[in-house]
K.L.:
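What follows is a structure written as structure tokens; I'll ask about it next.
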Amino acid sequence: MERTLVLVKPDGVQRGLIGEVISRLERRGLRMVAAKFMAVSQELAETHYAIHKGKPFYDGLISYITSAPVMAMVWEGPQAVAAVRQTMGATKPVEAAPGTLRHDFALEVGRNLTHASDSVENGAKEVELWFKKSELVEWKREVDRWVFEK
Ligand code: DAT
Ligand code: MG
């Protein structure tokens, strides 16, 4: 079972799209493991986006993610990393496939609504960065056997 970090970024929160994001991930069959509504500190933003330091869009990215609250979540399921990124759509909303969140609700790369981990390894690292172990809830759903094959 994979785990992935999902953020509804400040634009998604301001636009009232937290529920839409959660609803799509729930409908997909993924299982929520943790969630918190929070302001992002400069330090957390810089650690989270360290890989983009030095890129022309870095400063804008840091000020965007720290500009207003985000909804941070952990979701799990088989191939959760790929499944969630597919549901989000491509980074640039105009390149995102119809039916994806970024296609359906966004236009600009600097206002692309969500973050989702891009690999299993980064998923584990990001979950550790954003959540304490005690905030992760281990649970099972009655419906799991109808969604998860194993
Ligand atoms: P993703 O968020 O799809 O994982 P990423 O990790 O490559 O994309 O980049 C992180 C964020 O940085 C992305 O959501 C928006 C911003 N970004 C990426 N590429 C950009 C670009 N070429 N111009 C402006 N912003 C960009
Ligand atoms: Mg990324």
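What you are looking at is a predicted structure, and each value in this text was computed from that prediction instead of being measured. Every number for a ligand or one of its atoms is a count from 1 in the order of the listing.
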K.L.:
Regarding H103 and E95, do their side chains bring together a donor and an acceptor under 3.5 Å, going by distance alone?
P.N.:
no
K.L.:
Would you call the rings of H48 and W130 parallel, tilted or perpendicular, taking 30° and 60° as the class edges?
P.N.:
perpendicular
K.L.:
Does ligand 1 have any N/O pairs with the protein under 3.5 Å, and how far apart?
P.N.:
{"residue": "ligand 1", "atom": "2 (O)", "partner": "R102", "partner atom": "NH2", "Å": "3.3"}
{"residue": "ligand 1", "atom": "3 (O)", "partner": "R85", "partner atom": "NH2", "Å": "3.4"}
{"residue": "ligand 1", "atom": "3 (O)", "partner": "T91", "partner atom": "OG1", "Å": "2.5"}
{"residue": "ligand 1", "atom": "3 (O)", "partner": "R102", "partner atom": "NH1", "Å": "3.1"}
{"residue": "ligand 1", "atom": "4 (O)", "partner": "R85", "partner atom": "NH1", "Å": "3.0"}
{"residue": "ligand 1", "atom": "4 (O)", "partner": "R85", "partner atom": "NH2", "Å": "3.3"}
{"residue": "ligand 1", "atom": "6 (O)", "partner": "H52", "partner atom": "NE2", "Å": "3.1"}
{"residue": "ligand 1", "atom": "8 (O)", "partner": "T91", "partner atom": "OG1", "Å": "3.2"}
{"residue": "ligand 1", "atom": "9 (O)", "partner": "H52", "partner atom": "NE2", "Å": "3.3"}
{"residue": "ligand 1", "atom": "14 (O)", "partner": "K9", "partner atom": "NZ", "Å": "3.0"}
{"residue": "ligand 1", "atom": "14 (O)", "partner": "N112", "partner atom": "ND2", "Å": "2.8"}

K.L.:
Taking atom types as modelled and ignoring hydrogens, do the side chains of R28 and T87 form a donor-acceptor contact shorter than 3.5 angstrom?
P.N.:
yes
K.L.:
From the options R3, E126, K36, select the one residue that forms a side-chain contact (heavy atoms from CB on, under 4.5 Å) with F131.
P.N.:
K36
K.L.:
Donor-acceptor pairs under 3.5 Å, side chain of residues 106-114 to any protein atom, not counting sequence neighbours: which ones?
P.N.:
{"residue": "N112", "atom": "OD1", "partner": "K9", "partner atom": "NZ", "Å": "2.7"}
{"residue": "N112", "atom": "ND2", "partner": "T91", "partner atom": "O", "Å": "3.0"}
{"residue": "N112", "atom": "ND2", "partner": "V109", "partner atom": "O", "Å": "3.4"}

K.L.:
What closest approach, in Å, do Y58 and Y49 show between heavy atoms, and which atom pair accounts for it?
P.N.:
CE1-O, 3.6 Å
